[in-house]
Asker: 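Structure below; questions to follow.
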Amino acid sequence: MKKINNDGSFYLNPYLGGVILGTVLLLSFYISGRGLGASGAVKNSVAATVNMIAPQHVEHSAYYSQFAGGDKKPMSNWLVFEVLGVLAGAFLSGIIFNRIKIKVEHSPKITERRRLLFALGGGLIFGFGSQLARGCTSGAALSGMAVLSLGGYITMIAIFGTAFGAAWLFRKNWI
Amino acid sequence: MIGPIISSGIISPAWDNLFAVILGMGFGFALESSGFSSSRKIIGTFFGYDFVVVKVFFTAAIVASLGLLYLSYLGLVDFSLLYIQPTFLASAIVGGVIMGIGFAMGGFCPGTSLCAAAVGRIDGLVFFGGMFIGVFLFSEAFPLFENMYYSGSLGAKMINSVFGISPELFTFILVLAAVGMFIGATWIQKKVKKVEY
């Protein structure tokens with residue numbers, strides 16, 4: 001492992017990072033019988049918020065009513081707790097490797113404003129797609145792949161395949 | 001102890017949420033320490049200047065797949081109690097394509113945007129905020145997508161059964177394919193001009 005630089009550029013060896021991530025995923029299946037996720041917590045938060053404002057709307061929605069309304073407790077959900085842990089774990093790593101810094105990361109060729117607009121749009125589109133595919137890169141693709149789910153592999157190939165092409169369209173934002 | 005230890009009742013389900021926090025911490029730590037809090041590092045995979053995403057993602061998939069096979073072989077995990085992502089062909093493909101566009105635009109996926117926000121990256125926080133809008137729009141527009149959402153249902157289908165091979169053989173091929181990808185990625189990365197970020 002390299003010496004820790006003060007500019008926050010120190011990263012774990014990617015294969016070591018992968019082994020740690022894979023071991024956490026394995027433990028998740030061994031302990032809780034399920035994989036890791038991220039977008040599911042957003043789904044539950046949205047359903048809980050809508051349920052607070054318009055409970056009748058949730059009751060009549062074929063989508064929300066799967067997660068909220070009635071006796072369901074969308075915020076007392078495994079994924080919601082897991083995502084709180086993700087925040088804490090990433091913050092801890094940021095402290096250890098000296099990366100905590102408030103900034104907008106962007107290519108020097110674009111403005112901060114442009115970067116933030118694309119981040120917002122990207123998040124919106126990703127969030128939309130994650131609901132259609134029943135999970136994101138972690139919940140559907142990575143966790144699905146660990147248990148050899150066909151759907152997990154299909155989603156993984158669709159995400160990365162499309163991103164390779166789409167990245168070229170957005171290349172001015174990155175390189 | 002035969003896993004999954006919560007579903008099989010060895011440990012009370014009351015502990016499940018505590019484990020969720022601890023596992024989430026491991027997840028967040030692994031992502032951030034590998035460099036997934038930086039959108040320009042993540043996106044490097046698509047331009048060939050940094051393949052950290054490919055290396056971390058596929059190493060993790062191999063470790064977890066092999067680990068589950070070994071635990072199952074040793075009788076330490078009951079595969080039938082594990083949650084297997086169900087397969088719905090149309091929504092898996094279309095949803096994946098939509099996510100790919102969002103990925104290339106925003107430079108994050110949901111988990112990594114959260115890690116970026118945790119270390120103070122405003123672009124990560126904004127991406128995460130954008131997700132709430134996207135999820136809300138999908139939920140409201142659900143009747144329009146309901147047919148697609150449920151079409152092509154194959155249940156908890158496993159990929160090895162599509163090829164008519166055993167899970168062990170499939171995983172072995174996966175390991176070979178991943179090692180091939182790692183070698184290829186390292187080779188390409190040496191040829192591509194470095195990008196400062």
Side-chain angles (χ1 to χ4, degrees), chain A residues 11-12 14 17-18 20-22 24-26 28 30-31 33-34 36 38-39 42 46 63 78 81-82 85-87 89-91 93-94 99 102 104 119-120 122-129 131-133 136-138 144-155 158-159 162-163 166-167, chain B residues 3-4 7 17 19-21 23-30 32-35 43 46 52 55-56 59-61 63-64 67 83-85 87 91-92 95-106 109-111 115 118-120 122-123 126-127 130-131 133-135 138-139 142 157-159:
Chain A
Y11 295 111
L12 283 190
I20 298 175
L21 179 56
V24 174
L25 182 57
L26 180 61
S28 178
Y30 182 71
I31 294 170
R34 49 160 307 146
L36 302 163
S39 57
V42 176
V46 169
Y63 198 64
W78 195 92
F81 285 99
E82 183 243 45
V86 171
L87 264 179
F91 183 68
S93 165
R99 267 194 292 273
I102 294 185
V104 179
L120 185 71
L124 191 156
I125 293 172
F126 210 123
F128 191 97
Q131 295 314 292
L132 191 55
C136 58
T137 341
S138 17
M145 284 171 75
V147 286
L148 306 186
S149 148
L150 175 65
Y153 274 87
I154 292 175
T155 305
I159 294 176
T162 309
Chain B
S7 328
N17 287 340
F19 281 115
V21 176
L23 290 163
M25 284 182 74
F27 186 27
F29 186 90
E32 209 288 327
S33 59
S34 304
I43 220 78
F46 305 121
V52 65
K55 291 172 184 167
V56 173
T59 306
V63 168
Y83 175 76
I84 299 189
Q85 173 86 353
T87 300
S91 58
V97 166
I98 296 174
M99 284 191 272
I101 297 169
F103 199 175
M105 245 181 102
C109 61
C115 292
V119 295
I122 299 163
D123 42 329
V126 168
F127 182 99
M131 281 186 55
I133 306 173
V135 170
F138 177 85
S139 310
F142 184 65
K157 192 162 178 68
M158 288 170 76
I159 189 167

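Chain naming here is simple, since letters A, B, ... match the order of the sequence lines and numbering starts at 1 in each.
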Asker: Who wins among B:Ile133, B:Val21, B:Ile98 for the most heavy-atom pairs under 4.5 Å with chain A?
Answerer: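 Option with the top pair count is B:Val21.
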Asker: Out of curiosity, A:Ile154 CD1 to B:Ile159 CD1, how far, rounded to the nearest 0.5 Å?
Answerer: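 If we round to the nearest 0.5 Å, A:Ile154:CD1 and B:Ile159:CD1 are 7.5 Å apart.
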Asker: Could you have a look at B:Gly96, B:Ala61, B:Gly35 and say which one has the most heavy-atom pairs with chain A under 4.5 angstrom?
Answerer: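 Of the options given, most contacts go to B:Gly96.
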Asker: What are the two closest heavy atoms between B:Glu32 and A:Tyr11, and how far apart are they?
Answerer: O-CD2, 4.4 Å
Asker: Hey, could you give me the CE/CZ distance between B:Met25 and A:Phe91, rounded to the nearest 0.5 Å?
Answerer: 11.0 Å
Asker: Between A:Tyr30 and chain B, with a heavy-atom cut-off of 4.5 Å, which part of the residue counts as in contact: side chain, backbone, both or neither?
Answerer: both
Asker: For the candidates B:Ala64, B:Cys109, B:Gly120, which exhibits the highest count of non-hydrogen atom pairs separated by less than 4.5 Å from chain A?
Answerer: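 Ranked by heavy-atom pairs under 4.5 Å with chain A, first place is B:Gly120.
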Asker: Between B:Phe103, B:Phe127, B:Phe19, which residue shows the highest count of heavy-atom pairs closer than 4.5 Å to chain A?
Answerer: B:Phe127
Asker: If you round to the nearest 0.5 Å, how far is CG of A:Leu148 from CD1 of B:Ile84?
Answerer: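 That separation rounds to 8.0 Å.
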Asker: With rounding to the nearest 0.5 angstrom, report the CG to CG distance, A:Leu26 to B:Leu23.
Answerer: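 Taking CG in A:Leu26 and CG in B:Leu23, the distance rounds to 10.5 Å.
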Asker: What residue in B:Gly26, B:Cys115, B:Ser91, B:Ser34 has the most heavy-atom pairs under 4.5 Å with chain A?
Answerer: B:Ser91
Asker: So which heavy atom on A:Ala133 is nearest to which on B:Gly95, and how close?
Answerer: CB-CA, 3.9 Å
Asker: Count the heavy-atom pairs under 4.5 Å between each of A:Gly144, A:Ser28, A:Ala167 and chain B, then report the option with the highest count.
Answerer: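 The candidate making the most pairs under 4.5 Å is A:Ala167.
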Asker: Among B:Pro110, B:Gly67, B:Ala30, which residue has the highest count of heavy-atom pairs closer than 4.5 Å to chain A?
Answerer: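 Highest number of pairs under 4.5 Å: B:Pro110.
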Asker: Side chain, backbone, both or neither: which part of B:Ile101 has an atom under 4.5 Å from a heavy atom of chain A?
Answerer: both
Asker: Closest approach of B:Met99 and A:Gly129, non-hydrogen atoms and distance?
Answerer: CG-C, 3.7 Å
Asker: Need one label for B:Phe142: side chain, backbone, both or neither, based on atoms under 4.5 Å from any heavy atom in chain A.
Answerer: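 For B:Phe142, the side chain is the part near chain A, not the backbone.
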Asker: Under a 3.5 Å distance rule, please check whether A:Ser149 uses its side chain to pair with a backbone N or O of B:Gln85 as donor and acceptor.
Answerer: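 Such a contact is found between A:Ser149 side chain and B:Gln85 backbone.
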Asker: Going from CG on A:Leu124 to CZ on B:Phe138, what distance comes out if it is rounded to the nearest 0.5 angstrom?
Answerer: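 Taking CG in A:Leu124 and CZ in B:Phe138, the distance rounds to 13.0 Å.
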Asker: What closest approach, in Å, do A:Phe81 and B:Ala20 show between heavy atoms, and which atom pair accounts for it?
Answerer: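 Looking at all heavy atoms of both residues, the shortest contact is CB-CB, 3.8 Å.
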Asker: If you count heavy-atom pairs within less than 4.5 Å of chain B, which of A:Leu120, A:Ile31, A:Thr155 leads?
Answerer: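 Looking at each option in turn, the highest pair count goes to A:Ile31.
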Asker: Quick one: of A:Gly94, A:Gly123, A:Ala158, who has the most non-hydrogen atom pairs under 4.5 Å with chain B?
Answerer: A:Gly123
Asker: Highest number of heavy-atom pairs under 4.5 Å with chain B: which of A:Ala146, A:Gly17, A:Ser39?
Answerer: A:Ala146
Asker: Nearest 0.5 Å, what's the CZ-CD1 distance between B:Phe29 and A:Ile20?
Answerer: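 Between B:Phe29 CZ and A:Ile20 CD1, I get 6.5 Å after rounding to 0.5 Å.
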Asker: Using a 4.5 angstrom heavy-atom cutoff, name the option from A:Cys136, A:Ala38, A:Ala163 with the most pairs to chain B.
Answerer: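 So the answer, after comparing A:Cys136, A:Ala38, A:Ala163, is A:Ala163.
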Asker: Closest heavy-atom contact between B:Val135 and A:Gly127?
Answerer: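 Closest approach of B:Val135 to A:Gly127, heavy atoms only: CG2-O, 3.8 Å.
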Asker: Would you mind reporting whether A:Ser138 and B:Phe27 have side-chain heavy atoms less than 4.5 Å apart?
Answerer: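 Yes, close enough: below the 4.5 Å cut-off.
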Asker: Would you find a donor on one side and an acceptor on the other, under 3.5 Å apart, between the side chain of A:Ser93 and the backbone of B:Ser33?
Answerer: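 At least one qualifying donor-acceptor pair exists.
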Asker: Looking at every non-hydrogen atom in both residues, tell me the closest pair between B:Met105 and A:Ile125 and how far apart they are.
Answerer: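 Minimum heavy-atom contact is SD-CD1, 3.6 Å.
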Asker: Under 4.5 Å, counting heavy-atom pairs only, tell me which of A:Gly33, A:Gly22, A:Ala90 racks up the most with chain B.
Answerer: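 Of the candidates given, the most pairs with chain B belong to A:Ala90.
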